[in-house]
K.L.:
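Have a look at this one before I ask anything.
Throughout, a chain's letter reflects where its sequence line sits, starting with A, and its residues are numbered from 1. Keep in mind that what you see is a predicted model, and the values were worked out from it rather than measured.
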Amino acid sequence: MRPNLQAFNRVSGQLGQSVFEPATVKGWEGGRLWITSASLLQRNNFAMALLGGQMGSMAEPKRKREFYLELLLAREVRGLANAKDEPRKLVHLMMTLPEFQLT
Amino acid sequence: MNTRRTFLKTLGATGLVALGTRPHPVFARAARPDPDGRILVLVQLAGGNDGLNTVVPFEEDNYRKLRPSLGIGKGAALKLEGALGLHPAMQGFKELFDDGALGIAQGVGYPNPNRSHFRSMDIWHTAKPGIADKRDGWLGRAFDHVRGGLDGKVPAVALGTDRLPLSLVSTKFTVPTVRSLRDYQLQLNGSKAEQAAHRARMRQLAEGGSAGNSDLDFLRRTATTALDTSAKIAEVMSDYKPAKPYPQNGLGQRLKSVAQLITADLGASVYFVSLGGFDTHAEQEGPHAGLMQELSSALAAFHADLKGHGLSERVLTATFSEFGRRVKENGSLGTDHGAAGPMFFIGDAVKAGIHGKHPSLTDLDQGDLKHHTDFRSVYTTLLADWLDWPAEAAVGGKFAKLKLLA
């Protein structure tokens with residue numbers, strides 16, 4: 001995977017998280033203050049952009065549900081117990097979960 | 001705090017409001033929209049607008065004398081009241097004025113005016129003329145005080161700016177910047193049906209947040225709001241019909257996006273847009289006329305559009321610029337950095353007309369107009385009388401309010 005740093009900088013800037021450049025000299029408070037309905041949508045879209053082909057091929061391990069759960073959430077999540085989605089969709093669902101924002 | 005709301009509720013309870021089929025005008029006027037639904041749109045005129053050629057004192061001797069080439073004559077100015085007129089390219093503002101939807105505060109500024117763009121703009125954004133403290137902005141500080149009531153709601157949206165404007169910076173809140181409405185749409189791959197199915201799964205997985213105060217409850221509530229809002233914005237965008245066409249200029253298109261977000265009920269209380277190019281040091285006549293036309297036509301269309309959607313009562317638009325320009329034109333058919341200038345207010349709630357005298361053209365401060373109205377008085381009025389937010393901490397003190405609202 002070769003991340004596109006320009007795209008990353010643009011998105012983090014929109015989210016008020018420009019690296020080394022906090023919006024105020026006080027720095028970031030973080031926590032809930034990162035989250036609004038708008039920033040969550042931008043996070044969702046960033047997850048989609050990451051998964052939308054710029055990443056090369058997605059790994060499709062044998063037990064992909066367990067593999068990605070372990071990788072991204074490190075816990076079981078209700079609603080995904082029997083998910084059989086193809087990898088990109090599955091990972092997007094995981095990355096847009098409210099639980100994922102807490103990890 | 002909410003005395004007006006409480007008062008109206010009491011009125012309703014006693015049956016006073018429901019006396020006749022048509023409310024008495026006094027009550028009709030009092031029945032302003034609930035403060036929670038009120039919206040402030042700020043339009044920044046970046047570069048220092050030549051206020052003197054925007055609201056023109058065409059009969060002043062000194063105006064004609066100090067503006068021999070750039071002065072706008074009595075015949076050309078669009079008449080407002082007395083010997084004041086608008087720049088000839090501001091037909092849209094003239095119509096708003098005649099319709100009772102435009103208020104003009106004259107001579108707005110601050111003590112010891114600073115003629116640097118950056119410093120003066122920072123002063124307008126931070127409301128701190130005395131000290132260079134750029135930690136947060138005047139609206140950002142106001143969000144801090146309504147924070148408990150926001151709960152994941154977007155307090156403000158800056159549309160089309162590269163960076164978050166300092167006025168919206170809060171030490172406690174992250175305000176997103178939005179390049180275009182695309183940022184508010186959920187971007188998914190696949191066919192329409194696949195996208196709808198995926199969106200439904202996301203919604204389902206996010207649901208189930210209780211009104212509790214855990215971080216997860218908060219995230220669930222915000223995530224479902226986000227998905228619902230983006231669906232609504234997509235719906236609004238797909239068949240949005242402005243009540244009046246917007247001009248094909250930058251400000252017009254940005255304001256159209258703002259109108260769409262308001263129509264989709266995004267829930268933000270403040271919207272911020274900017275128009276640049278006002279630093280007219282040379283050959284200003286053509287470019288300034290273009291800017292006056294863009295500002296006036298865009299805001300007239302915005303107001304008409306909101307009116308058509310039944311929203312013009314809920315939205316108040318205010319313009320500001322970091323400074324006006326010097327009274328005397330320079331040798332390059334332009335004007336240099338000055339001081340006090342006018343602010344415009346648009347909306348059904350506005351007390352239409354001219355607020356305050358035109359600053360004197362004979363009693364000048366080193367060749368600049370003297371302000372008689374502190375910009376923090378205007379901010380205090382917008383916060384206290386319009387948004388119903390605490391003003392004192394936001395503007396750093398007690399400032400007399402103006403009668404800007406009807």
Side-chain angles (χ1 to χ4, degrees), chain A residues 9-18 21-53 73 75 77-81 83-86 88-103, chain B residues 133-137 140 147 150-155 157 162-164 166 168-179 182-190 194 197-198 201-202 204-209 215-230 233 266-268:
Chain A
N9 272 338
R10 197 182 60 238
V11 176
S12 57
Q14 286 177 333
L15 292 166
Q17 305 181 343
S18 288
E21 206 183 338
T24 82
V25 292
K26 204 177 149 211
W28 291 289
E29 282 214 9
R32 285 192 190 193
L33 310 170
W34 293 132
I35 304 295
T36 65
S37 54
S39 69
L40 276 184
L41 279 171
Q42 288 176 338
R43 284 179 180 217
N44 292 349
N45 289 342
F46 183 50
M48 183 49 81
L50 274 179
L51 297 167
L73 290 151
R75 63 164 152 174
V77 173
R78 57 162 201 158
L80 284 178
K84 299 223 166 21
D85 308 77
E86 60 97 12
R88 273 175 220 281
K89 277 189 184 164
L90 182 65
V91 171
H92 187 259
L93 281 176
M94 288 181 183
M95 287 179 75
T96 55
L97 280 173
E99 286 85 347
F100 179 74
Q101 320 303 323
L102 283 174
T103 56
Chain B
D133 175 2
K134 293 175 65 168
R135 262 179 308 182
D136 50 17
R147 188 177 158 198
L150 284 168
D151 196 34
K153 228 172 75 176
V154 186
V157 173
D162 291 335
R163 288 181 59 96
L164 183 64
L166 183 53
L168 301 182
V169 171
S170 155
T171 53
K172 303 204 180 116
F173 252 111
T174 307
V175 175
T177 53
V178 177
R179 282 166 307 166
R182 239 181 93 77
D183 289 339
Y184 269 110
Q185 283 174 295
L186 187 62
Q187 277 142 42
L188 299 173
N189 292 335
E194 281 171 335
H198 192 76
R201 295 249 346 251
M202 288 173 68
Q204 197 183 14
L205 288 168
E207 272 172 9
D215 284 343
L216 187 58
D217 284 329
F218 165 75
L219 277 160
R220 287 189 190 283
R221 283 197 299 273
T222 311
T224 45
T225 306
L227 290 169
D228 293 348
T229 305
S230 79
I233 287 170
L266 179 69

K.L.:
How long is the straight-line distance from CZ of B:Arg220 back to CD of A:Gln101, given to the nearest 0.5 Å?
P.N.:
11.5 Å
K.L.:
Side chain, backbone, both or neither: which part of A:Arg10 has a non-hydrogen atom closer than 4.5 Å to chain B?
P.N.:
side chain
K.L.:
Taking all non-hydrogen atoms of both residues into account, name the closest pair between A:Thr36 and B:Thr222 and its distance.
P.N.:
C-CG2, 3.5 Å
K.L.:
To the nearest 0.5 Å, how far apart are CG in B:Leu227 and OG1 in A:Thr96?
P.N.:
8.0 Å
K.L.:
Distance check, rounded to the nearest 0.5 Å: B:Leu186 atom CG versus A:Met48 atom CE?
P.N.:
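Spacing of CG (B:Leu186) from CE (A:Met48) equals 7.0 Å.
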K.L.:
Applying side-chain contact (heavy atoms from CB on, under 4.5 Å), run through B:Arg201 and A:Leu80 and close with a yes or a no.
P.N.:
CA-CA 10 Å; B:Arg201 295 249 346 251; A:Leu80 284 178; 3.8 Å; yes
K.L.:
Distance from B:Met202 atom CE to A:Met95 atom CE, nearest 0.5 Å?
P.N.:
11.0 Å
K.L.:
Rounded to the nearest 0.5 Å, what's the gap from CG on B:Asn189 to CG on A:Leu51? Could you check?
P.N.:
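Rounded to the nearest 0.5 Å, the CG-CG separation comes out at 9.0 Å.
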K.L.:
Considering non-hydrogen atoms only, spot the tightest contact between B:Ala226 and A:Ser37 and give its length.
P.N.:
CB-O, 3.3 Å
K.L.:
Might you work through the side-chain contact (heavy atoms from CB on, under 4.5 Å) test for B:His198 and A:Leu93, ending with a clear yes or no?
P.N.:
CA-CA 8 Å; B:His198 192 76; A:Leu93 281 176; 3.6 Å; yes
K.L.:
Let me confirm one number: the CG-CD1 distance from B:Asp215 to A:Ile35, rounded to the nearest 0.5 Å.
P.N.:
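Result: 9.5 Å between the selected atoms.
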K.L.:
Looking only at heavy atoms, which two atoms of A:His92 and B:Leu188 are closest? And how far apart?
P.N.:
CE1-CD2, 3.7 Å
